[in-house]
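For the single chain, residues carry numbers from 1 onward in sequence order. These figures come from a predicted structure and were not determined experimentally. Both counts, for ligands and for their atoms, begin at 1 and track the order of listing.
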Amino acid sequence: MAGEQTMKRLPPVRQRPAWAALEAHYRKVSGLHLRDLFAADPARGERLAVEAAGIYLDYSKNRITEETLKLLVQLAEQSDLRGRIDAMFRGDKINVTEKRAVLHVALRAPRSASIRVDGEDVVPAVHQVLDRMSAFAERVRGGAWRGHTGKQIRNIVNIGIGGSDLGPVMAYEALKHCSERTMTFRFVSNVDGTDFVEATRDLEPAHTLFIISSKTFTTLETMTNAHDARTWLLTGLGGDMKAVPKHFVAVSTNAEKVKEFGIDPANMFGFWDWVGGRYSMDSAIGLSTMLAIGPDGFQAMLDGFRQVDEHFRAAPFERNLPVLMGLLSVWYCDFFGAQTVAVLPYEQYLKRFPAYLQQLTMESNGKHVTLEGERVDVDTGPIYWGEPGTNGQHSFYQLIHQGTRLIPADFIAFVHSLNPLGRHHDMLLANVLAQTEALAFGKTAEEVKAEGTPDWLVPHRVFEGNRPSNTLLLDSLTPRALGKLVALYEHNVFTQGVIWNIDSFDQWGVELGKVLAQRIIPELESKEEPKLGHDSSTNTLIRRYRKLKGAAS
Ligand code: G6Q
């Protein structure tokens, strides 16, 4: 197994001593109510909080005691979390099924650092690409880079999907307040033609630059949209192929395919196989982000990432933000049977953050076998989901407050609004605090009755409380803060993956559907009635679609 020289073989999760201790401990504490835990310890809210790298994490409203924390930290130690963190930062091939190093942390390493993969220091190459991106971004933003007809670039369209889309979209939305407002940014990902058509319908080709973002440069959706973009551009500019290099740049690891497409390799920004798609928003995949916020803003974002990297690497587990968050997720997922984690940013600019996290968390930890290929003996990968507050309060929060399921929630808030407007921000923050308070403490039947509620209505108005949450408080949503938040969740995911002893960096589960789609496409397109060899459901649906679209005779 690649990487085995540095990674200890771990016993199955349930066989680690701390796991058995946590099971026994769970039986003792699961009935405790947060009301009682707070009543017994008036300083709990100050004590169970950590501040690092400018992030304040209040984790006191979790269903834990000092003993829980001690045992969770022991579990981390018995899972060799320290060794695995070191292995990642050292450039060991910890993505064992793909035999790759996992070095998104190198993307934000300072120039002075040295991180070796197969004997080669990767840091100079990282900075060389960053420098090229910066020079390019300056030229486009400053108007020195012109389109084929000499017009200035006003529109940037990123074409990519999955890891080559979700980060750029999220970062653009998050950092819109410091983006170049005279430019338009669009993102095309879906193979549904609507995505491309809607993204380009009001753009002028002469002013438009496409970034084709694809690590492999073979992805069906991206290449289909890239070809549409080339046709759209050439149609708009009179068909001169010489226009292509002026309006297309690429972010990829596949120079050959980039060239084949007609993009000048000088305008290709590279990255490496040790950057996973969902961990790539701070690589050249972030070119659209840099065009939007400028090289200095991008650098500030990288600094934010780096501060949390350093904290994750050095802080003791009991004061380590991503470690604590990861261990708490394991606690709820495996002991309380919680199936999901809600992420609730109280910052409108973070509206795509939950969608971004869905890929980061679920593509990473949605695995059913260990690094050694054995079935994991506990549940892995909770479902992450969420929406910005306060909107969610008027829809799904009902279930979090009064439903039958336990939904741990991360509330993310900022002290300063980027758009101060009257009393809005105090109202927004009051809602964060009110929600976490209501979730934790609820409202008893006695309290409901005392308000004069008729007996028959009392059960409906009771809030059981004891719903756990974390509150993350940062200063304001700057590029630096965004980098910190993303790194926080990256390392939170890493921590969970180490406990479960799974490969958080492969994604074999996305393959089968892709392969089957390649088989079905010709069956849908063929003029002749195809011979179908699927199950009866798939065969019938194919025939029905063909008939209704008018393909069948
Ligand atoms: C992420 C995945 C996946 C990937 C896309 C796009 O970790 O690997 O989401 O980013 O499938 O791949 P390309 O960048 O190769 O087009």
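- Comparing V251, I161, L220, I159 against atom 6 (C) of ligand 1, the shortest heavy-atom distance belongs to I161.
- The protein heavy atom nearest to atom 2 (C) of ligand 1 is E363 OE1, 3.4 Å.
- The ligand atoms of ligand 1 that sit less than 4.0 angstrom from a heavy atom of G277 are 1 (C), 7 (O), 10 (O).
- Within ligand 1, the atoms closer than 4.0 Å to a non-hydrogen atom of R278 are 1 (C), 7 (O), numbered from 1 in the order shown.
- For atom 4 (C) of ligand 1, the closest non-hydrogen atom on the protein side is G163 N, 3.8 Å.
- Side-chain atoms of S134 and M290, non-hydrogen and from C-beta on, do get closer than 4.5 Å to each other.
- Taking a 4.0 Å cut-off on heavy atoms, Q359 registers as neighbouring ligand 1.
- Taking the six-membered ring where the residue is Trp, the centroids of Y349 and H177 are separated by under 6.0 Å.
- Residues H227 and F261 place their aromatic rings such that the two centres sit under 6.0 Å apart.
- Ranking the protein heavy atoms by distance from atom 12 (O) of ligand 1 puts T219 OG1, 3.5 Å first.
- Side chains of V498 and D80 form no contact here, defined as non-hydrogen atoms less than 4.5 Å apart.
- Note: W232 and F210 meet the aromatic proximity criterion, with ring centroids under 6.0 Å apart.
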Audit row: Q299, D296, side-chain hydrogen bond (donor to acceptor under 3.5 Å, both in side chains) steps and yes/no: CA-CA 5 Å; Q299 192 52 55; D296 291 347; over 6 Å; no

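- With ring centers used as reference points, Y489 lies 6.0 Å or more from Y356.
- The ligand atoms of ligand 1 that sit less than 4.0 angstrom from a heavy atom of S214 are 13 (P), 14 (O), 15 (O), 16 (O).
- Among all non-hydrogen protein atoms, the one lying nearest atom 15 (O) of ligand 1 is T216 OG1, 2.6 Å.
- When only interatomic distances are considered, the shortest N/O to N/O separation between S213 and ligand 1 does not fall below 3.5 Å.
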